[in-house]
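Each ligand, and each atom within it, is numbered from 1 in the order the structure gives.
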Amino acid sequence: MQIEILGNAETIEMHNGALVIKTTIAQALVTVYSDTIIRVCITRNGKQPDESLAVIEKPQDTFTYQQLDDTIEVTTTALKLVINKNPLRFSFFTADGKPLSSDDKRFGTTLDGNKVMNYRQLNNDEKFLGLGEKTGNLNRRGMNYVNWNTDAAEHTIKDDPLYKTIPFYMGLHSGVCYGLFFDNHHKSYFDFGSSTDDQFTWFGADGGDMNYYFFGAQNIAEIIKDYTWLTGRMEMPPLWSLGYQQCRWSYMSADEVLGIARKFRERSIPADTIYCDIDYMDAFKIFTWNKETFPDPKGMIEQLKAINFKLVTIVDPGIKIEEGYKEYEEGVAKGYFATYPNGELYAGSVWAGRSHFPDFFNEEVREWWGKAFTALTNAGVEGFWNDMNEPAAWGQNIPPIVKFGERYMPEVRNAYGMQMARATQAGTRNILKNKRPFVLTRAAYAGTQRYSAIWTGDNSASDEHMLYGQRLVNSLGLGGFSLIGVDIGGFMGNPTPELMVRWNSLGVYTPMFRSHAAQGMCMREPWEWGEDNENIIRKDIEQRYKLLPYIYSGFYQSTQNGMPLSRTLAIDYTWDENVYDERFQNQTLFGDAILVAPVISTEFTADVYLPKGEWYRFSTDEYFEGGQTVNVSAPLNNLPVFVKGGAIIPMQSLVQSTSDECDGVLYIHAWNGVTESEFTYYEDDGISYNYETGEYYKRIFRFDPHHKVVTISEVEGNFQSRYKWLKLILHGFNDDAFERFDNARSSLSIAF
Ligand code: GLC
């Protein structure tokens with residue numbers, strides 16, 4: 001098959017709100033979604049554009065365009081798309097004419113049988129960010145990647161592909177930036193200037209359409225906001241999922257689960273969640289319990305609830321082939337499983353042995369799956385962990401001839417996990433009525449943030465995995481996800497006590513804080529590391545709980561504008577070259593005000609790059625001028641964490657779980673600085689969906705350090721705050737403006 005280049009525009013017309021341009025081989029549909037988002041969708045003539053699983057918004061009905069001799073110009077207030085007619089090529093500019101990104105003049109979009117490719121001009125100084133769960137540096141220039149969701153067991157820090165497909169990246173050059181979302185879930189390829197021809201960059205897929213959304217807002221935060229407007233944002237998570245989570249493959253019995261949970265309470269180590277991995281099931285059959293080791297799941301969960309623990313159970317997609325097993329029999333009878341073209345059921349082997357795989361692309365199957373969760377919810381489970389949904393089967397390579405409804409494996413693979421998470425979320429939300437389920441998935445496609453939290457799969461117990469995990473979290477954050485975890489301590493291998501302590505301290509500043517380990521690995525619970533280390537781990541987990549008002553408000557932001565809780569510095573300091581320096585690329589803003597510098601477990605000092613501005617060490621209030629690299633102490637009990645000058649951080653007194661009654665005091669910590677700041681404080685019951693109908697409590701704090709004035713807006717929403725008193729604590733001031741508590745800190749209390 002010959003590679004075909006688009007050729008000349010033959011006809012141009014407006015049809016149903018789209019500009020339709022036909023060449024002899026293909027047609028291009030141009031639609032405008034907003035002033036900053038334009039879609040180009042190129043399909044072979046006669047082919048209908050694929051339906052999107054990611055996009056939830058509709059294009060505008062009309063837009064402005066102008067036909068010139070050689071070009072057509074589509075303009076919005078923010079973007080100009082210049083379409084060259086002969087040959088058909090697309091170039092994006094800012095409204096005032098600065099080039100953003102263009103087709104390579106020679107090739108543009110090409111078709112090769114079912115394959116689609118797009119070649120784009122590469123600018124000398126162009127950097128690339130994003131593409132979701134990808135190894136490599138923050139700046140992806142010089143790398144190439146494949147999207148093909150894979151059970152990447154024992155992966156290294158260089159492997160690709162991993163578990164998720166988020167085909168959305170951003171480009172930065174000459175002081176401008178843009179985003180590009182290739183909405184296509186066939187196997188796809190991205191080359192960021194790693195080819196031997198350094199004039200272009202390219203992306204494409206083995207099938208489907210050359211269907212991309214171009215984002216032209218001129219800062220990264222706005223591009224994220226637009227991307228998450230288009231593909232959706234997370235819901236408010238259950239508050240309990242933001243506490244400390246203890247997982248293991250597997251706690252083998254109800255007694256062991258209860259024993260571990262009780263030990264947290266006995267040793268006063270705060271925690272909220274414990275997990276049951278695959279061994280709670282009867283012979284790994286999904287939606288069953290092992291009757292010997294978990295004889296009374298309901299009783300076990302009641303006992304867990306009595307000590308304020310929630311349980312999360314794992315569910316994999318593969319349904320064991322076994323006569324008498326409800327889900328197997330129903331699925332076969334109703335034709336819910338993947339097949340071969342001759343109608344035979346496809347079977348692959350996973351934990352349970354030979355299994356069939358539900359077709360989650362079928363709404364009826366999703367409903368059936370969702371209802372089956374009563375086997376877990378009846379016992380009181382509120383958290384549902386979706387694993388092995390790449391989908392994984394031993395041998396990995398599920399034959400391309402396997403069919404899910406009308407679609408073959410190569411088309412569905414990258415979105416299978418997303419559809420499983422969708423079915424899980426809808427089903428459990430329905431069963432739990434007004435309670436928020438917690439859903440966690442390993443595989444995902446763009447838009448999955450609407451349904452589920454994610455974690456980065458099977459990492460290893462090493463310093464390099466800890467550091468690259470931070471980059472994965474930050475990169476996924478650029479792609480619309482916020483509630484993201486890594487296996488703290490490393491899934492494979494055994495961490496040294498130092499690594500465990502260090503990683504746990506970083507976990508405090510990771511959106512989802514979950515410790516997990518593979519079967520056969522050493523026990524990982526906080527008390528397994530000696531008394532001194534246990535004390536450090538406890539103190540760090542306590543810090544997480546004190547920070548929950550700040551963290552919860554941070555997730556509220558994610559629900560409103562898509563801003564992730566963990567942010568690469570490239571979001572706020574896009575044009576600062578040091579941010580991309582390999583020495584500093586793992587540094588992260590955790591929410592608006594906190595900067596975290598990950599440090600390996602064998603180093604006890606660290607070079608930290610503090611961007612322009614003013615900074616204070618969180619633990620000591622030591623002041624640092626930004627715009628420089630500083631060498632700071634980094635003992636295992638004091639990860640380098642900094643707060644922005646002028647910032648506000650709401651905190652609470654220590655609790656042992658999110659269900660504990662707090663003492664009713666909200667501590668507003670504020671740091672001296674030259675700039676004023678604002679913090680949107682958000683609270684609700686943390687459990688239900690009542691916030692959707694106004695039961696929340698929102699106030700904006702403003703801090704003017706110059707005048708030492710904190711103003712608090714009127715309350716928005718009908719929820720009664722759990723805090724009765726506000727205590728203001730000032731940092732970095734050296735006068736007597738407020739009653740002194742100690743040398744560095746002053747404080748004042750008022751009713752909230
Ligand atoms: C997969 C998961 C891991 C889990 C294991 C057993 O490897 O990634 O988290 O513990 O399966 O279910």
(request) Measure the distance from atom 9 (O) of ligand 1 to every protein heavy atom, then report the residue, atom name and distance (to 0.1 Å) of the closest one. (result) His516 NE2, 3.0 Å
(message) I need the single residue from Asp151, Asn386, Asn389, Asp316 that forms a side-chain hydrogen bond (donor to acceptor under 3.5 Å, both in side chains) with Arg442. Which is it?
(response) Asp151
(message) Under 4.0 Å from a heavy atom of Trp455: which atoms of ligand 1 are those, numbered in the order shown and with their elements?
(response) 8 (O), 9 (O)
(request) Find all atoms of ligand 1 within a distance of less than 4.0 Å from any non-hydrogen atom belonging to Arg442, and give their numbers and elements. (result) 1 (C), 2 (C), 7 (O), 8 (O)
(request) Please report which non-hydrogen protein atom sits nearest to atom 8 (O) of ligand 1, along with the residue it belongs to and the distance in Å to one decimal place. (result) Asp458 OD1, 2.5 Å
(message) Angle between ring planes, Trp368 versus Phe337, binned at 30° and 60°: parallel, tilted or perpendicular?
(response) perpendicular
(request) Give the ring-plane orientation class for Trp455 versus Trp385, where under 30° counts as parallel, over 60° as perpendicular and anything between as tilted. (result) perpendicular
(request) Give a yes/no on ligand 1: does Trp385 have at least one heavy atom closer than 4.0 angstrom to it? (result) yes
(request) Considering only non-hydrogen protein atoms, determine which one is nearest to atom 10 (O) of ligand 1 and report residue, atom name and distance to 0.1 Å. (result) Asp277 OD2, 2.5 Å
(request) Verify the distance criterion only: is there a donor paired with an acceptor across the side chains of Gln585 and Asn137 at less than 3.5 Å? (result) yes
(message) Residue-level breakdown please: for Ile314 versus ligand 1, do any non-hydrogen atoms fall below 4.0 Å on the side chain, on the backbone, on both, or on neither?
(response) side chain
(message) Between Ser452 and Val439 (side chain of the first, backbone of the second, donor and acceptor by atom type, cut-off under 3.5 Å), is there such a pair?
(response) yes
(message) Whether Arg262 and Glu266 form a salt bridge (side-chain N of Lys/Arg under 4.0 Å from carboxylate O of Asp/Glu) is what I want to check.
(response) no
(message) How far is atom 2 (C) of ligand 1 from the closest protein heavy atom, and which atom is that?
(response) Asp387 OD2, 2.9 Å
